[in-house]
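Quick caveat: nothing in here was measured; it's all calculated off a predicted structure.
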Amino acid sequence: MSRDAEKGGFGDRLWGGAREPREREPQTDDKVVPLKRPPGDRAYVAFETSDRAERLHIVRAAGPSRFPSYSYLLDISFDHHLQSAFTLIYTFMIVEVTGRNLETVVHAIGLGKCNCFREYHPKLYDRPAEGEPFIEKITITAADEKLTER
């Protein structure tokens, strides 16, 4: 008997051999963290991270959210000295973000760990503490809109 067969491994699956069916574990989305906030929670958090994000949830205060895939992100332009603005360049849109203390947001995006960033709105959130990341404005321009402006 081979080692593979003893372990119920690869060789056993290829060449037949009766095996007992494995019980399937229920599938859960443990990695998915809901972005829905508890009722009455007005604490502003500029961005959220996870170990590995495949999409970036862009939450605007007065516009539709977007969920672009990281695989379409071409470049990040960042105001390194003032940390007050960055631009995400995708194949199909440009996302311009202004605020303050944005360095941690940009680095999280650059590492592919940011799964969400959100625009501040005084009717939705309390003002964050001084020194915390703060996103004042998010402007999204679709590529086809830029082309038709000419």
**Q** Looking at the rings of F47 and F117, which for Trp means the six-membered one, are their centres under 6.0 Å apart?
**A**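 No, ring centres 6.0 Å or more apart.
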
**Q** Report the C-alpha distance between R52 and S50 in whole Å, list the side-chain angles of each, state the deciding distance to 0.1 Å, and finish with yes or no for side-chain contact (heavy atoms from CB on, under 4.5 Å).
**A** CA-CA 5 Å; R52 184 174 167 268; S50 65; 5.7 Å; no

**Q** State the CG-NZ distance between L56 and K113, to the nearest 0.5 angstrom.
**A** 14.5 Å

**Q** Say whether F92 and I109 are linked into one hydrophobic cluster, either directly or through other cluster members, by side-chain heavy-atom distances under 4.5 angstrom.
**A** yes

**Q** With rounding to the nearest 0.5 Å, note down the distance linking CG in L102 to CD in Q83.
**A** 7.5 Å

**Q** Strictly distance-based, threshold 3.5 Å: is any side-chain N or O of N101 a donor or acceptor partner for the main-chain N or O of E132?
**A**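 Side chain of N101 to backbone of E132: a pair is present.
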
**Q** Quick test of your reading: applying side chain to side chain donor-acceptor pair (under 3.5 Å), list the pairs with at least one residue in residues 59-70, sequence neighbours left out, ordered by first then second residue.
**A**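 Sorted result for residues 59-70: H57-S65, S69-S71.
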
**Q** Flag the pair R127 / P122 as yes when at least one side-chain heavy-atom distance between them is below 4.5 Å, and no otherwise.
**A** no

**Q** Counting N and O atoms only, with roles assigned by atom type, does the side chain of Y44 sit under 3.5 Å from a partner on the main chain of L124, one being a donor and the other an acceptor?
**A** no

**Q** Please check: side-chain N/O of Y120 versus main-chain N/O of P128, any donor-acceptor pairing under 3.5 Å?
**A**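 Looks like no, no N/O pair under 3.5 Å.
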
**Q** Decide side-chain contact (heavy atoms from CB on, under 4.5 Å) for V97 and T87; before the verdict, give the C-alpha distance in whole Å, the side-chain angles of both, and the deciding distance to 0.1 Å.
**A** CA-CA 6 Å; V97 180; T87 303; over 6 Å; no

**Q** Considering non-hydrogen atoms only, spot the tightest contact between A46 and P133 and give its length.
**A** CB-O, 3.4 Å

**Q** Which heavy atom of Y125 sits nearest to which heavy atom of R118, and what is that distance?
**A** OH-CD, 3.4 Å

**Q** Output the distance between atom CG (D51) and atom CG (N115), rounded to the nearest 0.5 Å.
**A**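 These two atoms lie 10.0 Å from each other.
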
**Q** Roughly how far apart are T141 OG1 and I89 CD1, rounded to 0.5 Å?
**A**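 CD1 of I89 is found 11.5 Å from OG1 of T141.
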
**Q** Just verifying a value: how many Å separate E54 CD and F67 CZ, rounded to the nearest 0.5 Å?
**A** 13.5 Å

**Q** For residues 80-104, pull every pair meeting salt bridge (charged side-chain N to carboxylate O under 4.0 Å, His left out), keeping only residues two or more places apart or in separate chains.
**A**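 Every pair satisfying salt bridge (charged side-chain N to carboxylate O under 4.0 Å, His left out) with a residue in residues 80-104: R100-E130.
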
**Q** Please tell me whether L111 and L88 are part of a single hydrophobic cluster in this structure, the criterion being side-chain heavy atoms less than 4.5 Å apart.
**A** no

**Q** Is the distance between the ring centroids of Y72 and Y90 under 6.0 Å?
**A** no

**Q** Taking E48 for its side chain and C116 for its backbone only, find out whether a donor-acceptor pair lies under 3.5 Å.
**A** no

**Q** I would like to know whether I58 and I140 meet side-chain contact (heavy atoms from CB on, under 4.5 Å); could you show each step before the answer?
**A** CA-CA 10 Å; I58 302 168; I140 298 177; 4.1 Å; yes

**Q** Could you grab the distance from atom CD1 of I94 to atom CG of D75, nearest 0.5 Å is fine?
**A**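 Interatomic distance, I94 CD1 to D75 CG, rounded to 0.5 Å: 10.5 Å.
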
**Q** Applying side-chain contact (heavy atoms from CB on, under 4.5 Å) to L74 and T91, what does each step give before you reach the verdict?
**A** CA-CA 7 Å; L74 299 175; T91 56; 3.9 Å; yes

